[in-house]
Student: 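Got a structure for you, written out below as structure tokens; questions coming shortly.
Note that the numbering runs from 1 along the sequence shown for the chain.
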Amino acid sequence: MIPTLTALIAIVAGAWGWDLAVNGAGSGSVPWVVYEQGLYLSGLLAIAMMSLAMVMATRPPGVERLLGGMDRAYRLHKWAGILAAGFASLHWLLEMSDDVIEERYGEAGRGSDENVSGVLDTLRDAGEELGEFAIYLVLAMIVLALWKRFPYKFWRHIHRAMPVLYLMLAFHAAVLAPTAYWSEPTGLLLAGALSAGTLAAVWSLTGRIGRGRQAHGVVTAVASPAPDVTEVVCRLDGNWRGHHAGQFAFVTFNRIEGAHPFTIASADQGDRSVRFQIKALGDYTRELSRRIAVGQAVTVEGPYGRFELARQDRKARQIWVAGGIGITPFLAWLDALRASPAAAPVADLHYCTRAGAADPFVGRLETLCRDLPSVTLHVHDTARHGALTAERLATLHDCRQRAEVWFCGPRAFAEQLRSGLARAWLGRLRFHQEAFDMR
């Protein structure tokens, strides 16, 4: 993520710098030149980042392979949006500072405005008004996205307005960019960013995101193996292309509620049947068991994700760690390995649960691992023995041996394990995690 964002900033700054070197900074005094060029650079960076965020939101084909997973695409989308808001804020602050510069240095050193036709002048006035209005709304949406206590069900509907706001800002950027830009590399870069972002915005507004990867079906079974877990089995139509164990899908049980990402907790048996184990983590999932019923229509988009058995390093010791409902991809892994137990890797599966005696997944895991002699199950009951730590996990394994950790669970738990295990293995360990944060 960081290299991608850094590269984009460098490209935009490089194009702006090239134009500055070739055409000069203008004929005004230094304060006004800094003001004007600051406006141009901050505007270019803001629209480039926002265009990237819009493109990432459409889940373009190949992005998972390029970035290493859809979670990284969403992380790139999120931080591109945050940076866009930051550069847009800087752009707005610079625009508002002209009175201060005029009061201190006077207007005599200010460069003259471009001489444009009446039509373009009218468009520029409209673009300036729309841009200022859109910036206020974008900043408000970024604040709501970062404010975790704001309910997701409301934020998700508000977030749908982003493509409209982007089109307003794209119009602002197109009509207010210096006309000289359009014959320079800066203009080519701006045109490319605006074209890609506009196409993505239209794609989103017309409801085409993920449509080519959607399958329709019905709910064939609903159960509650635990008070806070809902098990849902769906049978899909011929549009479902199958999945690899460990992948996830966006599932829609209600069109008004929209799609939510859930890990597929079963292996692909070739019958277009998928199973989900859904933990009550919010308003929607807490009510799910009462909202859905057998025979109900369902739409499943996917599969997505790179948390796959095939990506394992066969030469490294396999350590699998699951926290709570993070066990779902490993259930699919074990289910898939049962078809060929001899091909299963030597692995240690560590399952962390708050109440091992009452946890419905413990019995399921014991049954699956019984058929897989090379997989050793470790159940860590945090209520009885405390939370699993990196130090404790390291004592259970040979830290001199190259190892690979596959983790699914809470983010704070992952960060604690990642840093602690890195110190224990001294560079001989790889840590894999597919972490979703939808806002």
Side-chain angles (χ1 to χ4, degrees), residues 1-5 53 56-57 64 67-83 142-153 155-156 159 228-229 246-250 260-265 276-286 304-308 311 319-333 349-354 359 361 380 382-383 386-394 403-425 429-439:
M1 178 190 71
I2 294 177
T4 302
L5 295 174
M56 288 296 103
E64 282 193 291
L67 298 179
M70 187 57 71
D71 62 325
R72 289 173 173 80
Y74 268 96
R75 199 176 305 157
L76 181 59
H77 162 78
K78 173 183 175 179
W79 284 102
I82 292 172
L83 285 174
I142 293 295
V143 170
L144 292 179
L146 296 176
W147 182 27
K148 296 298 184 180
R149 292 188 177 182
F150 188 78
Y152 176 79
K153 62 181 179 181
W155 174 84
R156 186 176 58 82
H159 191 253
D228 60 347
V229 175
Q247 290 189 298
F248 73 96
F250 290 95
H260 290 259
F262 300 121
T263 299
I264 304 171
F276 301 98
Q277 302 283 354
I278 303 170
K279 188 175 179 63
L281 297 174
D283 295 340
Y284 173 71
T285 49
R286 274 195 292 268
Y304 294 103
R306 303 273 289 166
F307 202 89
E308 302 171 8
R311 297 184 62 228
I319 303 173
W320 305 341
V321 183
I325 200 62
I327 194 61
T328 49
F330 298 107
L331 288 173
W333 280 15
L349 172 57
H350 297 268
Y351 175 46
C352 303
T353 175
R354 293 180 180 177
D359 192 313
F361 294 125
H380 302 273
T382 58
L388 177 66
T389 64
E391 293 73 18
R392 184 177 166 194
L393 187 60
E404 190 174 49
V405 174
W406 291 80
F407 175 90
C408 187
R411 179 188 296 179
F413 185 23
E415 292 173 354
Q416 179 261 325
L417 286 182
R418 185 193 297 270
S419 59
L421 294 177
R423 290 192 298 269
W425 259 267
L429 178 138
R430 293 183 63 193
F431 195 100
H432 299 270
Q433 177 193 11
E434 198 162 60
F436 269 88
D437 190 356
M438 298 301 291
R439 53 186 291 193

Student: Tell me whether the rings of Y74 and F250 are parallel (<30°), tilted (30 to 60°) or perpendicular (>60°).
Tutor: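 Answer is tilted, since the angle falls between 30° and 60°.
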
Student: Taking all non-hydrogen atoms of both residues, which atom of G323 and which atom of P410 are closest, and how far apart?
Tutor: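 Scanning both residues completely, I find the closest heavy atoms to be O-CD, 3.8 Å.
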
Student: Could you tell me whether the side chain of H77 and the main chain of A53 form a donor-acceptor pair under 3.5 Å?
Tutor: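 Checking the backbone N and O of A53 against the side chain of H77, a donor-acceptor pair under 3.5 Å is found.
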
Student: I'd like to know if the side chain of E404 and the backbone of R430 have a donor-acceptor N/O pair within less than 3.5 Å.
Tutor: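 Pair absent, no side-chain N/O of E404 close to backbone of R430.
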
Student: In Å and rounded to the nearest 0.5 Å, what is the NE2 to CZ distance from H432 to R311?
Tutor: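 Spacing of NE2 (H432) from CZ (R311) equals 6.5 Å.
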
Student: Minimum heavy-atom separation for A390 to G420, with atom names?
Tutor: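 Heavy atoms only, the tightest pair is CB-CA, 3.5 Å.
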
Student: How far does NE2 of H350 sit from CZ of R392, to the nearest 0.5 angstrom?
Tutor: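 Going from the NE2 atom of H350 to the CZ atom of R392 covers 9.5 Å.
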
Student: Taking the side chain as every heavy atom from C-beta outward, state whether T285 and F262 have any pair of such atoms under 4.5 Å apart.
Tutor: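 Result yes, sub-4.5 Å side-chain heavy-atom pair found.
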
Student: Would you find a donor on one side and an acceptor on the other, under 3.5 Å apart, between the side chain of T353 and the backbone of G324?
Tutor: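 Such a contact is absent between T353 side chain and G324 backbone.
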
Student: Counting only heavy atoms not in R418, do more than 12 fall under 6.0 Å of its CZ?
Tutor: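 Yes.
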
Student: If we check side chain to side chain contact (heavy atoms under 4.5 Å, CB included) with V321, which of these qualifies: W406, F407, F431?
Tutor: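 Per the side chain to side chain contact (heavy atoms under 4.5 Å, CB included) rule, the option paired with V321 is F407, out of W406, F407, F431.
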
Student: Measure across Q247 and T263 and return the closest heavy-atom pair with its distance rounded to 0.1 Å.
Tutor: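 It is O-CG2, 3.7 Å.
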
Student: Using 0.5 Å steps for rounding, measure from the OG1 atom of T328 to the CD1 atom of I264.
Tutor: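 Answer rounded to 0.5 Å: 10.0 Å.
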
Student: Find the distance between CH2 (W320) and CZ (F330) and round it off to the nearest 0.5 Å.
Tutor: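 That separation rounds to 7.5 Å.
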
Student: What's the shortest heavy-atom distance between A265 and Q277, and which atoms?
Tutor: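 Taking every non-hydrogen atom into account, CB-CG, 3.7 Å.
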
Student: Considering all heavy atoms of both residues, which atom of L67 and which atom of A73 are nearest to each other, and what is their separation?
Tutor: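 Reported closest heavy-atom pair: CD1-CA, 3.7 Å.
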
Student: What pair of heavy atoms forms the shortest contact from Q416 to L388, and how long is it?
Tutor: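 So the minimum-distance heavy-atom pair works out to OE1-O, 3.7 Å.
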
Student: I need the Q433 CD to F413 CZ distance, nearest 0.5 Å.
Tutor: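 Reported value, rounded in 0.5 Å steps: 11.0 Å.
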
Student: Under 4.5 Å between any side-chain heavy atoms of R423 and S419, yes or no?
Tutor: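 A side-chain contact under 4.5 Å exists here.
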
Student: Got a second to check how far C352's SG is from L417's CG, nearest 0.5 Å?
Tutor: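 Atom-to-atom, C352:SG and L417:CG are 7.5 Å apart.
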
Student: So does R354 have more than 12 non-hydrogen atoms from other groups sitting under 6.0 Å from CZ?
Tutor: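 No.
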
Student: Check whether the ring centres of F307 and W333 lie less than 6.0 Å apart, and answer yes or no.
Tutor: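 Yes.
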
